[in-house]
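Reviewing the structure listed below.
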There are 2 protein chains.
Amino acid sequence: MTAPNLEHFRTLLHEHMAKRGLRSTDQRRLIVETFFQSPNHISIEELLAQVRQQDSRVGYATVYRTLKLLTECGVAFERKFGDGLTRYELADEESHHDHLICVECGKIVEFEERQIEALQEKVAERHGFALKSHKLEMYGTCPECQAKATARVAAAKPRN
Amino acid sequence: MTAPNLEHFRTLLHEHMAKRGLRSTDQRRLIVETFFQSPNHISIEELLAQVRQQDSRVGYATVYRTLKLLTECGVAFERKFGDGLTRYELADEESHHDHLICVECGKIVEFEERQIEALQEKVAERHGFALKSHKLEMYGTCPECQAKATARVAAAKPRN
DNA sequence: CTCATTGCAAATAATTTGCATGTAA
DNA sequence: TTACATGCAAATTATTTGCAATGAG
């Protein structure tokens, strides 16, 4: 849960760009820095809205292209949860986390579990896979929504 | 790895349909039975191709609608791996499995790991979640693609 | 100068929906 | 007979791409 090391990611990105002769533009810098300061699991829409608060002329395509760039150089991860849109998060390996998702309200809770990670490595090894990344998502009802459900039942069927 | 209990799923579906006054048509039966006999992780395209071998007049929309029906009544699960399409699998809780996915060739290997499942329950409990389902996907390089990569490197840089 | 980048609009791709017609119950 | 179901084509949604103009190195 420590703050991510943004310098590391900036370096990764710059190296990747240098290697390919890509250029550093106002839009790219703005999108990247906005992404760095956004909450996790941000969508293109949300990110574009943030970006446009600084520069209203940035287009969708540029955000898509920049996020693809970040994904390619290992700075961001793409994630698809149940809703139809792709969300992005910092590829922060150091504090790698998985997700608990509430099927009622859509809330996303992050967690980390070393033992699970260790077991994953064992499984991959057993199948001869060289592991690059993983994704563990657990779907269920969060405490709040469970309470609401209980309240609904109580209201619908009052004791006489 | 035992054969799934199809009768159980047929009952689930019939109950769901009865409850809602839905009807049993030739197309639905054909699509459902084809789905039951298909390999796991089938896409709409693939399923439609199979279905059309029996009845070439079935349309996309009907397959989409039927798979949505199966998903709603808990007979099928929707899954989105990296490629842009939704794949479906039997919601076979008994033999619940997770996935190892090769990032080179797209191969999907299923596995089961009781200890991981147990730890998942513990994590959910810790956060007060009532777990419904989960999804664990591990991405890496399969043994074959690792071998191919090694061969490529050897060819590109021969020892003199 | 040269070539990558941008914004726009048009193109794709996957999925959903409206509607006239067909058909279980 | 009464809705539900179907097939088609059109609509929607998310994402990608072509292209002329712009701008970084």
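Proteins get letters first, then strands, A, B, ... in listed order; numbering begins at 1 in each.
If you measure from atom CZ of A:Arg28 to atom P of D:dT22, you get 19 Å, rounded to the nearest angstrom.
Checked against the 6.0 Å centroid criterion, the rings of B:Tyr88 and B:His41 do not qualify as a close aromatic pair. Ring centroids of A:Phe81 and A:His99 are separated by less than 6.0 Å, placing the two rings close together.
Looking at the side chain of A:Thr62, the nearest of the listed nucleotides C:dG7, D:dA14, D:dA5 is C:dG7.
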N/O to N/O distances under 3.5 Å, protein versus nucleotides 10-13 of chain C:
none

Between the protein and nucleotides 17-25 of chain C, list every N/O to N/O distance that falls short of 3.5 Å.
| from | atom 1 | to | atom 2 | distance (Å) |
| --- | --- | --- | --- | --- |
| C:dA24 | N3 | B:Arg23 | NH1 | 3.3 |

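Across all their heavy atoms, A:Asn40 and A:Glu89 have their closest contact at OD1-CB, 2.9 Å.
Taking side-chain N and O atoms only, B:Arg57 has no distance below 4.0 Å to OP1 or OP2 of D:dT6. A sub-4.0 Å separation between OP1 or OP2 of C:dT15 and a side-chain N or O of B:Tyr64 is present. Taking 4.0 angstrom as the limit, A:Gln27 places none of its side-chain polar atoms (N or O) nearer than this to OP1 or OP2 of D:dT22.
Test A:Thr86, A:Ile42, A:Leu47 against A:Leu67 for side-chain contact (heavy atoms from CB on, under 4.5 Å) and you get one pass: A:Leu47.
For the residue pair B:His97/B:Glu112, the side-chain donor-acceptor check at 3.5 Å is not satisfied.
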